[in-house]
Amino acid sequence: MSELLEQINKPNDIKNIDSKDYDALAKEIRRFIVRNVSHTGGHLASNLGVVELTMAIHLCCDLPEDKIVWDVGHQSYTHKVLTGRKEGFAHLRQHGGMSGFPKRSESDCDVIDTGHSSTSISAALGLAKARDIKGEQHKIFAVIGDGALSGGMAYEALNNAARLKSNLIIVLNDNQMSISKNVGGMSKYLAEIRTNTNYTDLKEDIEKVLQKMPHIGNVLTNQIRSVKDLIKRLFIPGMLFEDMGLTYIGPIDGHNVKQMKAAFESAAKLNKAVIVHVSTKKGKGYPPAQKDPSAFHGVSPFFIQDGRERSQGKKALTYTEVFSKTIVQEAKENDSVIAVSAAMPAGTGLTEFSQKYPERFVDVGIAEEHAVTFASGMAAGGLHPVVAIYSTFLQRAYDQIIHDVCIDKFPVVFAVDRAGLVGSDGETHQGIFDIAFLSQMPNLTVMAPKNVTELKSMLHFALELDEPAAIRYPRGEAYTGLSEFDAPVEKGKSEWIYRGNTIALLALGSMVETAVEVRERLQEFGYDVSLINARFVKPLDEETLEEIMQEHTLVVPMEEGVITGGFGQAVAAWYQGKKDIMVCPVALPDCFIEHGSVSVLKKKYGMDAEGIVEKIRNTIETTEIVKKSK
């Protein structure tokens, strides 16, 4: 470790660094981050872009008394370095190791656990209200990216912030990126501000001097303010923030620590909410990430010299790639198909669609709620929109799915990517709640494919259904097994794969692959086991449930989601009160699942084949009805 970085071992140690060494420290931090992330994987480009910004904030803070709220939080690596967590980077995002996001359990310098976008200003306002009620004086910073300003919640908070009568510093980290390139009016507005160099704000000390002048001071001050506002409107289009009642400072070079420190210190003197607009370069200091920041947003372990991934083997086809190819084919055959993304066209597999059918592709920015209601309007207008969103982000549009899609039965298709355990991003990103919350909604068909072929069939089926539908599929490698079983997709109909008796494995989506191994192991123990591909969460296939009951004494619903309100509980509720059958649900517990690889998490929570077999055998040994039927 380099000399300057060795001096930083606890919060506030950065204040002992000589100001002439700030640039050198920034370089050391970047080298440290690149070196560690190259081994563990993680969020790279976003963290490289905020090194100096984080340093400047820390230089203005006394931690943990002062508070820093990071929007999303995946850009908090430098913050972790400066708060004494350097050693944690050796096991970054690994099970039992340090989180890639702010985590209160790690440090009292992390004030809120975050992971989703556009929340920081609201949280910081809450902290400011608590501070003021308690009569405290500490500083509060909210750091929000320009991409997050496409989220409506940020504007609700800005509107509220205009009424604040105490200090709050909102740092707008403007790197012209979210994950993919920013879109929309706010992006254009900020671009216009960046290109203006003629605007200089009126200094607070001048106003104070004028106000001390008897009789004419206030008059002069008000007149100068009017002139100042007129000049601002000439040079800065719209003056959006000032017109909302917020003080605006910037844009400032986000890689100049001294300039930012001075701006933050000035902002801290005002008894109101202040926006400090800082321009940064995503991926700065590491050429591959700077050249292609989207590709280096979230990375697997890589070679530092050129940014290539360390795993050199041939990559297997992913479910996202299958969806990508399939929606392009569907659009070719059906000109009413429209694709909608919430700032993640690459992540959800819509890049090819956007290139082939640009007029039928819409990226709404980080605005999942708007994406869903926007899609409902298109459906009302006779189109067939497909909204591709990660499971964890679809949670944000719960009300819109119910109110704007399901009530009217509009034919909107939800492509729910990253469903189930996602892994290293932890609690805020695991896609484990969609089964439970989607299955509550009337008029919504919810399904999950067992393999590549079935995902294709389900997307085609959903587009012909002419009512709301959701297809959930996991992150990563697509299962290609059981291709010999390819029954047509019919609404609410399961698919029998193997017929036996005694035990029925009723597996949903990604759990079918695991169920194949579970069945083989149980067969070795002498059990006769059926395997049914559930296909549909909703509507529940009551006909198949009835058929299972005729020849089996134990049914095992299997899902990669939380047990509470899930598929297994729906199956158990259907069998409630019926004689001679036992239900043994396999699902994740009613808790938030920490970060770690998917394989490690499945083993820990008994979701791998070994754990499921053990659970089934224990159930058999402790349940008289099943023991008798063996």
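- At least one donor-acceptor pair under 3.5 Å links the side chain of Tyr155 to the backbone N or O of Leu149.
- Closest approach of Phe141 to Cys60, counting heavy atoms only: CZ-CB, 4.3 Å.
- Under a 3.5 Å cut-off, the side chain of Asp13 and the backbone N or O of Asn9 do form a donor-acceptor pair.
- For Asp110 and His79, the side-chain atoms include at least one donor-acceptor pair closer than 3.5 Å.
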Residues 14-25 side chain polar contacts: donor-acceptor under 3.5 Å, at least two apart:
unit_1	atom_1	unit_2	atom_2	d
Lys15	NZ	Cys61	O	2.5
Lys15	NZ	Asp62	OD1	2.4
Asp18	OD1	Lys20	N	3.0

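- Remark: side-chain polar atoms of Asp146 are paired, donor with acceptor, to backbone N or O of Asn175 under 3.5 angstrom.
- With respect to the salt-bridge test (charged N to carboxylate O, under 4.0 angstrom), the residues Glu52 and Arg30 qualify.
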Report task. Carefully, step by step, assess Asp417 and Arg475 under the rule salt bridge (Lys or Arg N to Asp or Glu O under 4.0 Å). Result -> CA-CA 7 Å; Asp417 202 334; Arg475 179 184 187 180; over 6 Å; no
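- Taken from OG1 in Thr119 to CH2 in Trp70, the straight-line distance is 13.5 Å, to the nearest 0.5 Å.
- The pair Lys80-Glu106 meets the salt-bridge criterion, with a side-chain N (NZ, NE, NH1 or NH2) lying under 4.0 Å from an Asp/Glu carboxylate O.
- With Ile170 as reference, Ile121 is the one residue of Ile140, Ile121, Leu125, Asp71 to meet the side chain to side chain contact (heavy atoms under 4.5 Å, CB included) rule.
- Annotation: side chain of Val274 is not in contact with side chain of Leu246 (no heavy-atom distance under 4.5 Å).
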Query - Criterion side-chain contact (heavy atoms from CB on, under 4.5 Å) on Val143 and Ile68, from CA distance to verdict - result: CA-CA 7 Å; Val143 184; Ile68 307 171; 4.2 Å; yes
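- Taking each heavy atom of Met153 and Ser122 in turn, the nearest pair found is CE-OG, 3.6 Å.
- Taken from CE in Met344 to OG in Ser294, the straight-line distance is 10.0 Å, to the nearest 0.5 Å.
- Of the possible polar contacts, none joining the Ser38 side chain to the Ile304 backbone as a donor-acceptor pair under 3.5 Å is found.
- Of all heavy-atom pairs between Ile33 and Leu48, the closest is CG2-CD2, 4.2 Å.
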**Report entry** salt bridge (Lys or Arg N to Asp or Glu O under 4.0 Å) between Lys67 and Glu136, worked out
**Finding:** CA-CA 12 Å; Lys67 313 299 179 186; Glu136 297 172 347; over 6 Å; no
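- The line from NZ of Lys10 to CG of Leu63 is 12.5 Å long, rounded to the nearest 0.5 Å.
- When atom types are taken as modelled, the side chain of Lys86 and the backbone of Ile8 share a donor-acceptor pair closer than 3.5 angstrom.
- The salt bridge (charged side-chain N to carboxylate O under 4.0 Å, His left out) search around Arg418 returns none, not counting sequence neighbours.
- Minimum heavy-atom separation, Pro345 to Ser341: N-OG, 3.1 Å.
- No donor-acceptor distance shorter than 3.5 angstrom exists from the side chain of Glu87 to the backbone of Arg85, with no hydrogens or angles considered.
- Atom CG of Asp363 sits about 8.5 Å away from atom OG1 of Thr348, to the nearest 0.5 Å.
- Using a cut-off of 4.0 Å between Lys/Arg side-chain N and Asp/Glu carboxylate O, Asp132 and Lys129 are scored as not salt-bridged.
- Residue Gln137 places its CD atom among 12 or fewer non-hydrogen atoms of other residues, nucleotides or ligands, all under 6.0 Å distant.
- Using a 4.0 Å cut-off between charged side-chain N and carboxylate O, Lys315 and Glu477 make no salt bridge.
- With hydrogens and angles disregarded, a donor-acceptor distance shorter than 3.5 Å links the side chain of Arg310 to the backbone of Phe302.
- At a threshold of 4.0 Å, the pair Glu265-Lys261 counts as salt-bridged, since one of the basic side-chain nitrogens sits closer than that to a carboxylate oxygen.
- Interatomic distance, CG of Leu92 versus OG of Ser424, reported as 8.5 Å (0.5 Å rounding).
- To the nearest 0.5 Å, atom CD of residue Glu369 and atom OG of residue Ser118 are 8.0 Å apart.
- Residues His595 and Phe101 place their aromatic rings such that the two centres sit no closer than 6.0 Å.
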Query raised in the report: Phe241 and His277: ring-ring contact (aromatic ring centres under 6.0 Å, His included), yes or no, with the steps?
Result: CA-CA 11 Å; Phe241 301 117; His277 180 184; 7.6 Å; no
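- Residues Val276 and Ala263 share a closest heavy-atom pair of CG1-CB, 4.2 Å.
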List the atom pairs, donor and acceptor, that lie under 3.5 Å between side-chain atoms in residues 39-47 and the rest of the protein, sequence neighbours left out.
unit_1	atom_1	unit_2	atom_2	d
Thr40	OG1	Asn36	O	3.3
Asn47	OD1	Ser76	N	3.3
Asn47	OD1	Tyr77	N	2.8
Asn47	ND2	His43	O	2.7
Asn47	ND2	His74	O	2.7

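- Nearest approach of Tyr248 to Glu242, heavy atoms of both residues: N-OE2, 3.0 Å.
- Under the 3.5 Å distance criterion, with hydrogens and angles disregarded, a donor-acceptor pair is assigned to the side chains of Thr392 and His116.
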Requested in this report: Evaluate the salt bridge (Lys or Arg N to Asp or Glu O under 4.0 Å) criterion for residues Glu560 and Lys602: first the C-alpha distance (whole Å), next the side-chain angles of each, then the deciding distance (0.1 Å), finally the verdict.
Outcome: CA-CA 9 Å; Glu560 199 173 327; Lys602 282 189 174 182; 3.7 Å; yes
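- Residues Met55 and Leu82 form a side-chain contact, since some pair of their non-hydrogen atoms from C-beta on lies under 4.5 Å apart.
- Of the possible polar contacts, none joining the Asp425 side chain to the Gly100 backbone as a donor-acceptor pair under 3.5 Å is found.
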Query raised in the report: After noting the C-alpha distance and the side-chain angles of Lys103 and Glu594, does the key distance pass the salt bridge (Lys or Arg N to Asp or Glu O under 4.0 Å) rule?
Result: CA-CA 11 Å; Lys103 196 67 57 179; Glu594 69 275 26; over 6 Å; no
